[in-house]
Amino acid sequence: MEILLAIILGGLFGFVLERAQASDPDKIIGMLTLRDLHLMKAIFSAIGISSLLLFSGIALGLIEISHLSIKAMYPGVLLGGALLGLGWALAGFCPGTGIVAAGRGRKDAWFFLLGGLVGAWIFTLQFAFLEQTGIFEPWFGGKATLVDTGAKGTTALLEGKGMLVLALVLGLIMLVIAKLLPLRPGQKQEP
Amino acid sequence: MKEWTWFQAGLALAASFLLAVVLVKPIGVSTQFVIFDGMVARVVQPSLVEADASAKSGYTSSNPYLNKSGGKYAANIAKPLNYGFVFVLAMLGGGFLSRILRKEKSLKQIPDVHELRYGSKAWPRYLAAFIGGQIVLWGARLAGGCTSGHMMSGMMQTAVSGYLFAAAAFAVAVPTAFLVYKKKGDA
């Protein structure tokens with residue numbers, strides 16, 4: 001059953017990323033050089049909509065809380081995020097969109113995946129050393145969220161009543177950002 | 001073919017991420033690069049991952065990274081038909097399906113931004129993609145996730161790590177993209 005879900009959900013995600021043009025390096029670089037913010041608007045609206053529905057679902061008891069998974073915060077998140085940003089801008093792919101682009105038949109994406117496998121393996125071999133540097137020491141209590149999700153082992157930075165309202169406000173802020181960002185900065189607006 | 005608007009794309013992406021959480025767990029991709037590496041490495045060195053009833057996952061590895069969290073990665077390497085790995089394989093299929101349904105005859109292989117500045121030779125583009133891939137996946141593993149897991153799934157759940165990851169990624173990606181791909185003479 002779980003494998004069937006993996007095929008359906010993975011297939012859907014791959015299809016949607018391709019249709020959103022997220023697997024097109026020209027669109028990614030266009031976003032990162034702030035010429036074409038189609039993808040940035042799509043990303044912000046996606047986070048806003050899914051967050052609104054997720055927290056509404058949690059409040060209504062429709063979401064199995066054990067399905068949530070909060071990633072820990074530690075210094076390596078910042079350094080790793082920065083490096084991902086560097087490679088992302090250079091290649092025009094991130095791991096997910098690289099896979100989709102390869103499936104779409106882009107040869108450069110296969111080179112990206114090959115590089116990714118090399119990078120991931122180098123990290124795997126260096127992990128024991130990196131662990132001693134303190135780069136994985138938790139910040140903000142590790143698995144921290146702004147709004148309390150109720151997920152096991154997580155810390156909520158903001159506590160008290162009105163958490164659902166706060167979550168909905170955060171979701172709406174994402175949507176407002178998505179709406180306000182110009183599609184093509186520096187050019188006449190298209191509808 | 002008429003492309004989706006940003007809002008249509010946002011809705012479809014939101015549906016993908018939400019459905020995944022409702023039915024199974026948040027979407028994540030970059031871990032599977034390690035899993036695939038492990039599968040390949042295990043062919044060369046079968047002792048890398050071994051069954052161990054005393055481990056939480058039922059498997060251990062001589063590599064500390066593959067052995068962490070009770071051998072979770074080791075177990076996935078030993079059993080390739082697991083949710084996370086099949087999910088990523090299905091993403092390849094999803095990209096393929098989308099292209100087939102587009103009915104486009106040709107696919108431009110070299111991105112315009114690359115060609116404008118570096119020409120239409122293939123190997124410089126392949127090299128950039130290969131080196132970029134190394135940096136992206138090394139960074140994603142250090143951060144414990146990538147654009148899917150940290151940025152989208154993380155920020156959806158208001159994870160602090162998600163916001164800070166996204167901030168760090170864009171803070172470096174934007175100036176890098178300007179440096180590497182902005183045409184000379186462009187404003």
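Lettering follows sequence order; numbering is per chain, from 1. Please read these numbers as outputs of a predicted model, since none were measured by experiment.
Between the side chain of A/R106 and the backbone N or O of B/L107 there is no donor-acceptor pair closer than 3.5 Å. Between the side chain of A/D26 and the backbone N or O of B/V113 there is at least one donor-acceptor pair closer than 3.5 Å. Side-chain N or O atoms of A/S51 include one that pairs as donor or acceptor with a backbone N or O of B/M156 at under 3.5 Å. Of the possible polar contacts, one joining the B/Q109 side chain to the A/G105 backbone as a donor-acceptor pair under 3.5 Å is found. When atom types are taken as modelled, the side chain of A/K71 and the backbone of B/A159 share no donor-acceptor pair closer than 3.5 angstrom.
Neither the backbone nor the side chain of B/F85 comes within contact range of chain A; no heavy atom of the residue lies under 4.5 Å from a heavy atom of that chain. With a 4.5 Å cut-off on non-hydrogen atoms, B/N63 touches chain A through its side chain but not through its backbone. Heavy atoms of B/A41 lying under 4.5 Å from chain A belong exclusively to its side chain. Neither the backbone nor the side chain of A/W139 comes within contact range of chain B; no heavy atom of the residue lies under 4.5 Å from a heavy atom of that chain. Using a 4.5 Å cut-off between heavy atoms, B/Y83 touches chain A through backbone and side chain atoms alike. Only the side chain of A/L170 comes within contact range of chain B, with at least one heavy atom under 4.5 Å from a heavy atom of that chain.
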Chi angles and distances behind the side chain to side chain contact (heavy atoms under 4.5 Å, CB included) call for B/F7, A/I49: CA-CA 10 Å; B/F7 191 67; A/I49 295 162; 4.0 Å; yes

Test side chain to side chain contact (heavy atoms under 4.5 Å, CB included) on A/L113 and B/F33 and set out the steps. CA-CA 8 Å; A/L113 296 188; B/F33 283 76; 3.7 Å; yes

For a ring pair (Phe, Tyr, Trp, His ring centres under 6.0 Å) check, start with the C-alpha distance between A/F111 and B/F130, then their side-chain angles and the critical distance, and finish with the verdict. CA-CA 5 Å; A/F111 282 87; B/F130 181 78; 7.3 Å; no

Would A/F112 and B/Y126 satisfy ring pair (Phe, Tyr, Trp, His ring centres under 6.0 Å), going step by step from the backbone distance to the final call? CA-CA 8 Å; A/F112 174 83; B/Y126 294 161; over 10 Å; no

Steps toward ring pair (Phe, Tyr, Trp, His ring centres under 6.0 Å) verdict (B/F170, A/W88): CA-CA 9 Å; B/F170 275 105; A/W88 191 27; 5.3 Å; yes

Please evaluate residues A/R104 and B/F96 with respect to the criterion side chain to side chain contact (heavy atoms under 4.5 Å, CB included), reporting the C-alpha separation (whole Å), side-chain torsions for both, the decisive distance (0.1 Å), and the verdict. CA-CA 4 Å; A/R104 194 193 191 286; B/F96 178 69; over 6 Å; no

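Between B/S161 and A/K143, the closest side-chain pair of non-hydrogen atoms is not below 4.5 Å. B/V22 places a side-chain heavy atom less than 4.5 Å from the side chain of A/I63.
With salt bridges taken as basic N to acidic carboxylate O contacts below 4.0 Å, none links B/E3 and A/R19.
Annotation for B/F36: atom CZ does not count as buried by contact number, only 12 or fewer foreign heavy atoms lying within 6.0 Å. Summarising the local packing, OH of B/Y118 is surrounded by more than 12 heavy atoms from other residues, nucleotides or ligands at distances under 6.0 Å. Taking a 6.0 Å sphere around NZ of B/K108, one finds it holds more than 12 heavy atoms contributed by other residues, nucleotides or ligands.
Ranked by heavy-atom pairs shorter than 4.5 Å toward chain A, the options B/T5, B/V21, B/V180 are led by B/V21. Contact count against chain A (heavy-atom pairs under 4.5 Å) is highest for B/I27 among B/I100, B/L97, B/I27, B/L19. Among the candidates A/T149, A/L86, A/L12, the residue making the largest number of heavy-atom pairs closer than 4.5 Å to chain B is A/L86. Taking B/V160, B/V29, B/L18 one by one and counting their heavy-atom pairs under 4.5 Å with chain A, the maximum is reached by B/V160. When each of B/T31, B/L101, B/V40 is scored by its heavy-atom pairs under 4.5 Å with chain A, the top score falls to B/L101. Considering only heavy-atom pairs separated by less than 4.5 Å from chain A, the leading option among B/L81, B/L127, B/I131, B/T176 is B/T176. With chain A as partner, the option from B/P111, B/G38, B/A128 having the largest number of non-hydrogen pairs under 4.5 angstrom is B/P111.
To the nearest 0.5 Å, atoms CG (A/L17) and CG (B/L13) are separated by 6.0 Å. Between the CG atom of B/L142 and the CG atom of A/L84 there is a distance of 10.5 Å, given to the nearest 0.5 Å. Atoms CG and NZ, on A/L68 and B/K25 in that order, are 13.0 Å from each other to the nearest 0.5 Å. Interatomic distance, A/L34 CG to B/K182 NZ, rounded to the nearest 0.5 Å: 7.5 Å. Taking CD1 of A/I7 as the reference point, atom CZ of B/F87 lies at 12.0 Å (rounded to 0.5 Å). Rounding to the nearest 0.5 Å places CG of A/L146 at 12.0 Å from CD of B/Q157.
Under the salt bridge (charged side-chain N to carboxylate O under 4.0 Å, His left out) criterion, no residue pair touches residues 57-71 of chain B, with sequence neighbours excluded. Within the structure, the ring pair (Phe, Tyr, Trp, His ring centres under 6.0 Å) test picks out the following pairs touching residues 41-83 of chain A (sequence neighbours left out): A/Y74-A/F136.
Judged purely by distance below 3.5 Å, without hydrogens or angles, the side chains of B/W4 and A/Q21 never pair a donor atom with an acceptor atom.
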